[in-house]
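Structure first, commentary second.
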Number of protein chains: 2
Amino acid sequence: MDFEPMGVAADLVILTVRDGSLQVLLIRRGIEPHKDRWALPGGFVRPVEDLEAAARRELAEETGLVSDRIHLEQVATYGEPGRDPRGRVVSVAYLALVPDLPTPVAGTDAASASWVPADEVLTDPERLAFDHHRILLDGVERARAKLEYSPLATAFCADEFTISELRGIYEAVWGTPLDPRNFHRKATKTDGFVVPLGTTTTRDGGRPAQLFRRGPATFLHPPLTRG
Amino acid sequence: MDFEPMGVAADLVILTVRDGSLQVLLIRRGIEPHKDRWALPGGFVRPVEDLEAAARRELAEETGLVSDRIHLEQVATYGEPGRDPRGRVVSVAYLALVPDLPTPVAGTDAASASWVPADEVLTDPERLAFDHHRILLDGVERARAKLEYSPLATAFCADEFTISELRGIYEAVWGTPLDPRNFHRKATKTDGFVVPLGTTTTRDGGRPAQLFRRGPATFLHPPLTRG
DNA sequence: GACCCTTATCGTCAGGATGACGACAAAAGA
DNA sequence: TCTTTTGTCGTCATCCTGACGATAAGGGTC
């Protein structure tokens, strides 16, 4: 039995935390189908190219971020017949977590790509083309869940960060305030989550805060709890 | 820009608990490539067929289970160029959890499909064709992780079960013994995990045990802990 | 029936983690 | 100097867990 050929695309949910809110990178489509509508960045996987390589290539094209230190993980694959008017297209969705970029979306013409608050997009199911609303929903939920039991929040931070900056990540992604004192205790006492650098900064105002770097832990035990 | 067509397959990690151990359904391939080698059940997605529908169809073909009450979830998608000698094939892996079947693999010729202890397969990376060892690894790890924070263990059980049967599921999947008294407390006190039926059974020997049905909870809070 | 074996179920207790919140420290700015 | 802002350390009651003792209620054996 032979197979029926299909198109395979890689779509990206690229998240960052800017101005205290979780934001997603969207592009305005320049071509049909869904011309002029907002959509997730993405494109077809090339004939000889790994799925993750395709995702990483799209990520670089849209953000200018080429580092393999950017967190990128597969979320799910969407293949409902009819989801793409061009034919049978199966889309593998990836989730990318990037720090707040100093250069706003470098390497792209600013007109077609921009950061948008995630909940603003999530509350309007018609905002995005294709089934990208569902993909975004799954991507954001994945990110929210992983903050609980993995040290992934550090992927949103710069190399060096303070505990309250880290807390700000959690508050933005979860959309809920956290007690600074309890969070401080949890973050610093969970083995391998963050390592102190011995230096301080006053960039957040108030009393100088210790600077930290991400630790070697791959999961948090016990996990943090949402809400 | 047009797309390069690829084959899209759905492969299945079908797990059950039999004789106190976690077992996976494998088939012996009757055709090339990898003829006569063991592999996960699976096949190409049809031109007009949803991915999950394809997985459910394969599940029915291999096990005779057609019920939509069987737990089936997507795990990941594998698309490395060269993973299939027939050409560029992208495989969407699904995880199915089924109760210990009274009829051993109904609807299939018994020669080509059989239950095999999962850890026996996992310890030999060359046991399975294609990249199915990796897929199995990911599927089993998903199952192990989800038992912690979801009531999914009940998917391995019959409609009515005792607490110690449920505990047996955990012990088999995690490969670690659990304290019967603490597990009983946890299972019965976690809201919505199991609901008592008021009836008892002595099928496990010893003092009659309460029978339970799965409860309405979709996650366990707080989660159970492995080992 | 007396006894034993097996499994089910309840209870106790110490230790760890959490959430709520008080208190003080150390900077910037008025 | 005083106020404001943020960081950091403590305290305490509560909940959950893991370890484990004790009792309950069947079946089987003699």
Side-chain angles (χ1 to χ4, degrees), chain A residues 19-20 147-151 153 157 160-172 174 176-213 217 219-227, chain B residues 20 147-149 151 153 157 160-172 174 176-213 217 219-227:
Chain A
D19 310 323
L147 287 212
E148 293 189 15
Y149 60 88
S150 83
C157 296
E160 303 187 349
F161 51 87
T162 68
I163 296 296
S164 61
E165 284 163 1
L166 186 61
R167 175 166 48 83
I169 300 294
Y170 276 89
E171 294 177 328
W174 286 348
T176 168
L178 299 172
D179 184 280
R181 299 157 291 190
N182 291 338
F183 183 86
H184 187 276
R185 175 180 63 193
K186 179 71 179 172
T188 53
K189 297 225 172 141
T190 298
D191 208 54
F193 190 9
V194 295
V195 293
L197 298 178
T199 54
T200 60
T201 181
T202 59
R203 65 181 173 228
D204 300 317
R207 170 175 166 181
Q210 284 254 2
L211 281 168
F212 293 83
R213 201 185 294 275
F219 58 90
L220 306 181
H221 188 70
L224 282 93
T225 48
R226 235 185 289 197
Chain B
L147 288 211
E148 293 189 16
Y149 59 88
C157 296
E160 303 186 350
F161 51 86
T162 67
I163 296 295
S164 62
E165 284 163 2
L166 186 62
R167 176 166 48 84
I169 300 294
Y170 276 89
E171 294 177 327
W174 286 348
T176 169
L178 299 173
D179 184 281
R181 298 156 290 189
N182 291 338
F183 183 85
H184 187 277
R185 174 180 64 193
K186 179 72 179 172
T188 53
K189 299 226 171 139
T190 298
D191 209 54
F193 190 9
V194 296
V195 291
L197 298 178
T199 54
T200 60
T201 181
T202 59
R203 65 181 172 225
D204 301 319
R207 171 175 166 181
Q210 286 254 3
L211 280 169
F212 292 83
R213 202 185 295 271
F219 57 90
L220 306 181
H221 190 71
L224 283 92
T225 48
R226 234 186 289 196

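Every chain is numbered from 1 and lettered A, B, ... according to where its sequence line falls, protein lines coming before strand lines.
The phosphate of C:dA27 has neither OP1 nor OP2 within less than 4.0 Å of any side-chain N or O from A:Thr202. When the side-chain nitrogen and oxygen atoms of B:Lys186 are compared with OP1 and OP2 of D:dC16, none of them lie within a distance under 4.0 Å. Applying the 4.0 Å criterion to OP1 and OP2 of C:dT9, one finds that B:His184 has a side-chain N or O inside that range. An OP1 or OP2 oxygen of D:dA22 is reached within less than 4.0 angstrom by no side-chain nitrogen or oxygen of B:Arg181. Contact check, B:Arg167 against C:dA8: a side-chain N or O comes under 4.0 Å of OP1 or OP2. Not one side-chain nitrogen or oxygen of A:Thr200 sits closer than 4.0 Å to the OP1 or OP2 atom of D:dG7.
In this structure, B:Pro223 and B:Pro208 both approach DNA chain D, and ranking their closest nucleotides by distance from the 5' end singles out B:Pro223. Nearest-nucleotide mapping onto DNA chain C: of A:Thr225 and B:Gly206, the residue sitting toward the 5' end is B:Gly206. Comparing B:Arg185 and A:Asp179 by the nucleotide of DNA chain C that holds the closest heavy atom to each, the one mapping nearer the 5' end is B:Arg185. Between B:Pro222 and A:Gln210, the one whose closest nucleotide on DNA chain D sits nearer the 5' end is A:Gln210.
Distance B:Leu166 CG to C:dT9 P: 12 Å, rounded to the nearest Å. For A:Arg207 and C:dA27, the CZ to P distance is 8 Å, given to the nearest whole Å. A straight line from NE2 of A:His221 to P of C:dA17 spans 9 Å, rounded to a whole angstrom. One can place CG of B:Asp204 at 18 Å from P of D:dA25, the figure rounded to the nearest angstrom. Taking atom CD of residue A:Glu148 and atom C1' of nucleotide C:dT18, one finds them 15 Å apart after rounding to whole Å. Following rounding to the nearest Å, B:Leu220 (CG) and D:dC15 (P) show an atom-to-atom distance of 20 Å. Across the protein-nucleic acid pair, B:Glu165 atom CD and C:dT7 atom C1' stand 12 Å apart, rounded to whole Å. The nearest whole Å value for the distance from the CG atom in B:Leu178 to the P atom in D:dC20 is 15 Å.
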Next item on the list: Let me see the working for A:Leu166 and A:Phe193 under side-chain contact (heavy atoms from CB on, under 4.5 Å), right down to the final yes or no.
Entry: CA-CA 11 Å; A:Leu166 186 61; A:Phe193 190 9; 3.8 Å; yes
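Below the 3.5 angstrom threshold, one finds a donor paired with an acceptor across the side chain of B:Asn182 and the base of D:dA19.
With values rounded to the nearest 0.5 angstrom, B:Phe161 atom CZ is found 13.5 Å from B:Thr201 atom OG1.
Between B:Glu171 and B:Ser164, the closest side-chain pair of non-hydrogen atoms is not below 4.5 Å. Contact of the A:Arg203 side chain with the A:Leu211 side chain is registered, since non-hydrogen atoms from C-beta on lie closer than 4.5 Å.
Within the nucleic acid shown, B:Ser164 comes within 4.0 Å of sugar-phosphate atoms alone, with no base atom in reach, counting heavy atoms only.
Between A:Pro208 and the choices A:Thr199, A:Thr162, A:Thr200, the side chain to side chain contact (heavy atoms under 4.5 Å, CB included) rule is met once, by A:Thr200.
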